[in-house]
Asker: 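One structure coming up, written as structure tokens, with questions to follow.
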Amino acid sequence: MTESTRASELTMGKALGAGLRRAMRDDERVLVMGEDIGRLGGVFRITDGLLDEFGSDRVVDTPLAESGIVGTAVGLAYRGYRPVVEIQFDGFVYPAFDQIVCQVAKLQYRTQGRVKMPITIRIPWAGGVGAAEHHSESPEAYFVHTAGLRVVAVSHPQDAYTMLRQAIACDDPVVFFEPKRLYHAKGPVDLDGDIADAPPMGVARVVRPGEDVTILTYGAQVTTALDAAIAAEDEGVSLEVIDLRSLSPVDYRTITASVRKTGRVVVTHEAAREGGVGAELIASVTERCFPYLEAAPLRVTGHDIPYPPAKLEKHHLPDLDRLLDAVDRVRDVPRAGAGVVA
Amino acid sequence: MTESTRASELTMGKALGAGLRRAMRDDERVLVMGEDIGRLGGVFRITDGLLDEFGSDRVVDTPLAESGIVGTAVGLAYRGYRPVVEIQFDGFVYPAFDQIVCQVAKLQYRTQGRVKMPITIRIPWAGGVGAAEHHSESPEAYFVHTAGLRVVAVSHPQDAYTMLRQAIACDDPVVFFEPKRLYHAKGPVDLDGDIADAPPMGVARVVRPGEDVTILTYGAQVTTALDAAIAAEDEGVSLEVIDLRSLSPVDYRTITASVRKTGRVVVTHEAAREGGVGAELIASVTERCFPYLEAAPLRVTGHDIPYPPAKLEKHHLPDLDRLLDAVDRVRDVPRAGAGVVA
Amino acid sequence: MTYTPTTQERSSVDLDLPAQLLTPEGERISDERLDRWAADLDTDSLRTLYRDMAVARRVDAEGVALQRQGQLGLWAPAQGQEAVQIGTARACRADDFLFTSYRELGVLLVREAAPADLVLTWRGEALSTIDPYALHVAPPQIIIGAQTLHAVGYAMGIQRDRSDQVAVAYFGDGATSQGDVNEAMVFAASFGAPVVFVCSNNHWAISEPVSVQAAVPLAARAPGFGIPSLRVDGNDVIASTAAMRWALDHARSGGGPVFLEAVTYRMGPHTTSDDPTRYRSAEELEIWRARDPLLRLERHLTAVGAFDEGFRAEIDAVAGEFTSRMRAAAINAVTRPAIEVLDDVYAQPHAGIDEQRAAFASYLAGFAPDEGGSR
Amino acid sequence: MTYTPTTQERSSVDLDLPAQLLTPEGERISDERLDRWAADLDTDSLRTLYRDMAVARRVDAEGVALQRQGQLGLWAPAQGQEAVQIGTARACRADDFLFTSYRELGVLLVREAAPADLVLTWRGEALSTIDPYALHVAPPQIIIGAQTLHAVGYAMGIQRDRSDQVAVAYFGDGATSQGDVNEAMVFAASFGAPVVFVCSNNHWAISEPVSVQAAVPLAARAPGFGIPSLRVDGNDVIASTAAMRWALDHARSGGGPVFLEAVTYRMGPHTTSDDPTRYRSAEELEIWRARDPLLRLERHLTAVGAFDEGFRAEIDAVAGEFTSRMRAAAINAVTRPAIEVLDDVYAQPHAGIDEQRAAFASYLAGFAPDEGGSR
Ligand SMILES: Cc1ncc(C[n+]2csc(CCOP(=O)(O)OP(=O)(O)O)c2C)c(N)n1
Ligand SMILES: Cc1ncc(C[n+]2csc(CCOP(=O)(O)OP(=O)(O)O)c2C)c(N)n1
Ligand SMILES: [Mg+2]
Ligand SMILES: [Mg+2]
């Protein structure tokens, strides 16, 4: 992403707020709803100031009930509104699961396209912030497996700003993951661009080109991957880091091009491994690139455990060392100790 | 499975009922709960007769609220009971998702093993019976991705009987999938065996040995795979069909042995492909058996769509033809028309 | 509303005494809460209501017959519930938006759903065929209670549009146990949303009597959320109409949500797959047959000399015409081609589904034409 | 319970008039519903209750301090809610089983949780450390309302064991909006389960006033489910004790569930991460400071000559001892080794986790000892 002359330096949190404000100005059918998003501006302050600008008709503090929030958003969408729902933390989306899976995802199909569900479900997401139980979940695979939903994850302020506007403008429901760990990370944001000119939501981005190994990742883990690429470079290994941006659909064109070049793939995400997004990526990459693969694609993920207590989360999160270990293994370089995958 | 002298010929439905009865006789802390399971015996009559034998303390017709059913089962488990919950149909498990994911799955971890959750969640499952919307879902991948749960799927009456008893006897929560399509399928059932002597719940079974291609599947799709094996045999192709039985954990020992022999793998399930169990199987098999693979493992699954109306479901379900088509493709045999996977 | 420590009794509302304007014997009686809302219902109006109910019953019977003949996969009979369905739906304005469950056949008829709409879903040809925006009714909901939140959200939209429409949520007695229905009441009360909750208490949720769901009358639930409620005789089409008019007026004029419990009875099985003899007695059914919503209005109209052969013939003609179109729609239904299972998953282009669609199309094309016919 | 069409008013229960036995000024008053349940509370008992509350407040302040000093990741202050927490928990029998939220510090203290139990979770060393079966209290629940169903299920187990224990569900005003809490009332009423619902209405759910959750007092909710309820002054430890004794007795003697709304106030922030000045006024806080649960009992005890320096010293000693052990437990906490993140996922051997554990162990072993130290 190139810094434009008009770009301001914003945190991801501020960029998201700016994206919401812009979307609400552009389309009066957009409204935001959730717990504590009004006067408080949300527990992460993403919606700060929106109540004052748009009033309580469009910035709706709801009762404390996630199924109710998503279910009433469905009704508002029936009525032609474009609700942007904030789920306060990743771990609180499950009470709304039925409404998301059976209603939000299926209504367009159920009505043969007559009823659209342009609902954006924003989820402050994943770990690494030392939080209490249920505040560090990575539930993205559940939504990826749910036909009818689009799922995206952002990794820096410009994408946060642009992709949130694109998600809101999209006529399909979008589950929008915001890595909490990056809320305070700053970056340049062009606030004036037209969302139609920006890369579409569904397109992956090669954030760092490389030759030896393709790293597929998304969200805050992009940062870890970039760190790994720098560390690997010191050892003379060139990593190509791809930020998926869209988890459903996945941009296999970009991925395939990379894998055909490198022949080696490591997928990394925070979510548990079993049935995670990494499984889908490896299965699809293997189906699409088998003749080009020089080694089995590997996964570096959270363990298959409930999210551990904060002081132990660093042993759960796939860190630089574990990523580099996998890079060694995918390159068939033996290393002290055995590998993670048996 | 060999027919023993004591084996009776039972439908899967009757075998499940017999398994419940046996478990309730063996352990008075076992109770069953759900909608319409008492006087009616459940909409599939699995619990038929249990109310008369065990009374309403142990056969509990609950209010119509799945979160309530699972949430109260958690409380009963705290108290030392072993609740067997019936979710009326696959599509009605989602209102209970939060209790399953945040409580049932996590309580043992949360309490460092002090509180056990020996809850069995029985789910009449999947399609092919011409049912209305929400009555043919295949939600197993959601549970496979949820650490703390065990997930099993049965494919014939003997397993139904034995594995249900094993699930109930297990100190961990088990999500137990029963293919509706097979409720009326008959098979011999040894009603007297000790569950400790039977193959453990977590072990896969080679239901048909073969040399050329490994077919990994579970539930009613095992039948389709066996049909495919017969059809393929006519063409001189030998399929090894593996019934996974346990979807979490997966028995990779059995699978690996097979794949090292055949070098070719097709996974088939009814659930949507994206993020389905097949993705995990292919990713894991590729990681474990890469040097032995002669072709990319393929998936033959439901499309990535909400479950279609009954008259169209045959185009969604992965049938014999689509499975054979994939067998051809994994064997690099070109066929009229292009393949399913792009 | 606050109980004292010594109070242990349960509600004093008698299940058998909901608001009524027409007795089972066909006598027109007075109810001070409802009279003014039924004042204009003259004999002509009552004949129209009767005709609607009678047609609904005929359509329902045709649905059952079509299912028995293998033309439909399933049918959820509405027999016995015609009064609440027709009465409440007729009370609505055409632009009020209704969110129903699978059993509200009468509501769909009032909303002028086409005969085909009533059979194609149960036949399994489509998940739904109606145009919700043309009919102002959402596709019937199967997930118990989910639609109540949609109605409340829609009503919140009405508020934002400063419109005087009303959203209506229909659901059953069993549904009241679902979290969603209770959350719907929380949201509706919190926002003062113009929504009417119509709970058809037909005494059964499949095999479970309403006593499994609630220890007190369902109408008692709503005031605890700050929502006024009324128990009405749901087998009395006059009372159902009147109660709904009151409720709609209350909601339409800014009074916020209202909850109606319509006390009625499902005379048939839960669905054509169900066998109610396993869980309820013949005597119970007889008691409710005597309270049949059609019978009582027929008695009333007969007493006032407004029920004659001509009227019967008119009903026959309307019902006959509708049911024969329904039957034709079922029998002549053309199943959509295989490839269409992949349509309408997304509103905008989607790389995943587009690729799968193309692959499936070429797979299908690989079959010889005669084989392809079976696809 | 059934509203008539002309009824539009909301509940008549006055939010400011919950059952009270001790005024903010420290005056002991009478309430005919509660008197008999408080009759035996002599000065000694009141001193014990005061001591518990005062210790709870000190422990709470220590928690906040430890968080400020970076020893804890978070703390959810209970200041202002001591009376309902101590009063209701003290009313319980030791074998009654309590299911709480994250804010019921006083309940944990009454249940004799160890000082370490109060800090290790907030420090992030463990998800919970208490032994639920030793203390008869479940690990504090973070998912709002989820524990209410657990309490009802536990109570169903009590029924099946023909025991006279009672299960207790603690939750907040915000929780009442969750489907789970309403389903809990449905199940409790349907089965007549021996469970007491204790809703601590502290007026706020983070930044949302209780008026966002409910249009009428929360105590009004329960009777609609067939559950007797009582609004009690949750800042009055005598009334809280008495109301809980009534409720427990009702449930224990087979009367089924009871719902208490304890009207109280969260004087501090929602958690140490929260800034309440963004959403509530200093005036509001002042009003509630005047209703402080400790202050009023101190006034009363002073008036009856039972509050002296000796008593103050005794409290200081108990609180000081407890808080210093708490502080030590936090500061000296030893974080468990990396490999233990994989422990206790399953109760029985599990091929997947066992393999992952072995692989992770060997990965960890690959680090040099000094590096390994950081793991
Ligand atoms: C969430 C959910 N759980 C279970 C079911 C299965 N089910 C279909 S109808 C029904 C009973 C509904 O009873 P009620 O609400 O009284 O409506 P009625 O059928 O009597 O009209 C049940 C349990 C469902 N459709 N959805
Ligand atoms: C299901 C769920 N949704 C949201 C949250 C986030 N959250 C934590 S506490 C809280 C407010 C709870 O309010 P209340 O029930 O009144 O309890 P209080 O904190 O006032 O004691 C919220 C919204 C959560 N923990 N769980
Ligand atoms: Mg019913
Ligand atoms: Mg509160």
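Only a predicted model underlies this, so the values are computations on that prediction, with no experimental measurement involved. Lettering follows sequence order; numbering is per chain, from 1.
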Asker: Side-chain contact, heavy-atom cut-off 4.5 Å: C:V341 with B:I305?
Answerer: yes
Asker: Could you report the tightest heavy-atom contact between B:D61 and C:V212, atom names first, then the distance?
Answerer: O-CG1, 3.9 Å
Asker: Would you mind checking which part of C:I206 comes under 4.5 Å of any heavy atom in chain B, side chain (CB onward), backbone (N, CA, C, O), both or neither?
Answerer: both
Asker: Using heavy-atom distances under 4.5 Å, tell me whether C:I144 contacts chain B through its side chain, its backbone, both, or neither.
Answerer: side chain
Asker: Of the non-hydrogen atoms in B:A65 and C:Q178, which two are nearest, and what is the gap between them?
Answerer: CA-OE1, 3.7 Å
Asker: I'd like to check C:F367 versus B:D321 (side-chain heavy atoms, cut-off strictly below 4.5 Å). Are they in contact?
Answerer: yes
Asker: Do the side chains of C:D180 and B:P95 get nearer than 4.5 Å, heavy atoms only?
Answerer: no
Asker: Please classify the contact of C:A214 with chain B as side chain, backbone, both or neither, using a heavy-atom distance under 4.5 Å.
Answerer: neither
Asker: Does B:P63 reach the side chain of C:Q213, with side-chain heavy atoms less than 4.5 Å apart?
Answerer: yes
Asker: If you define the side chain from C-beta out and look only at heavy atoms, does anything of C:T335 sit under 4.5 Å from B:K314?
Answerer: no
Asker: Quick check on B:Y94 against chain C: is it the side chain, the backbone, both or neither that has a heavy atom closer than 4.5 Å?
Answerer: neither
Asker: Locate the shortest heavy-atom distance separating C:I142 from B:A132; write the atom from each residue and the value.
Answerer: CD1-CB, 4.1 Å
Asker: Is it the case that the side chain of C:Q356 and the backbone of B:D304 share a donor-acceptor pair, with hydrogens and angles ignored and the cut-off at 3.5 Å?
Answerer: yes
Asker: Tell me, with the steps shown, if B:D36 and C:R278 meet salt bridge (charged side-chain N to carboxylate O under 4.0 Å, His left out).
Answerer: CA-CA 11 Å; B:D36 304 294; C:R278 288 180 73 103; over 6 Å; no
Asker: If you round to the nearest 0.5 Å, how far is CG of C:L364 from NE2 of B:H315?
Answerer: 8.0 Å
Asker: Is C:D344 close to chain B through its backbone or its side chain, or both, or neither, when contacts mean heavy atoms under 4.5 Å?
Answerer: neither
Asker: I'd like to check C:E208 versus B:E35 (side-chain heavy atoms, cut-off strictly below 4.5 Å). Are they in contact?
Answerer: yes
Asker: Is there side-chain contact between C:F360 and B:R322, with at least one heavy-atom pair below 4.5 Å?
Answerer: yes
Asker: Less than 4.5 Å to any heavy atom of chain C: does that hold for the side chain of B:E66, its backbone, both, or neither?
Answerer: both
Asker: Please tell me if the side chains of C:E340 and B:P308 come closer than 4.5 Å, counting only heavy atoms from C-beta onward.
Answerer: no
Asker: Looking at C:I353, C:I143, C:L74, which has the largest count of heavy-atom pairs under 4.5 Å with chain B?
Answerer: C:I143
Asker: Using heavy-atom distances under 4.5 Å, tell me whether C:R357 contacts chain B through its side chain, its backbone, both, or neither.
Answerer: neither
Asker: For a quick test of reading the model, state the closest non-hydrogen atom pair linking B:L40 to C:D275 and the distance between them.
Answerer: CD1-O, 4.5 Å
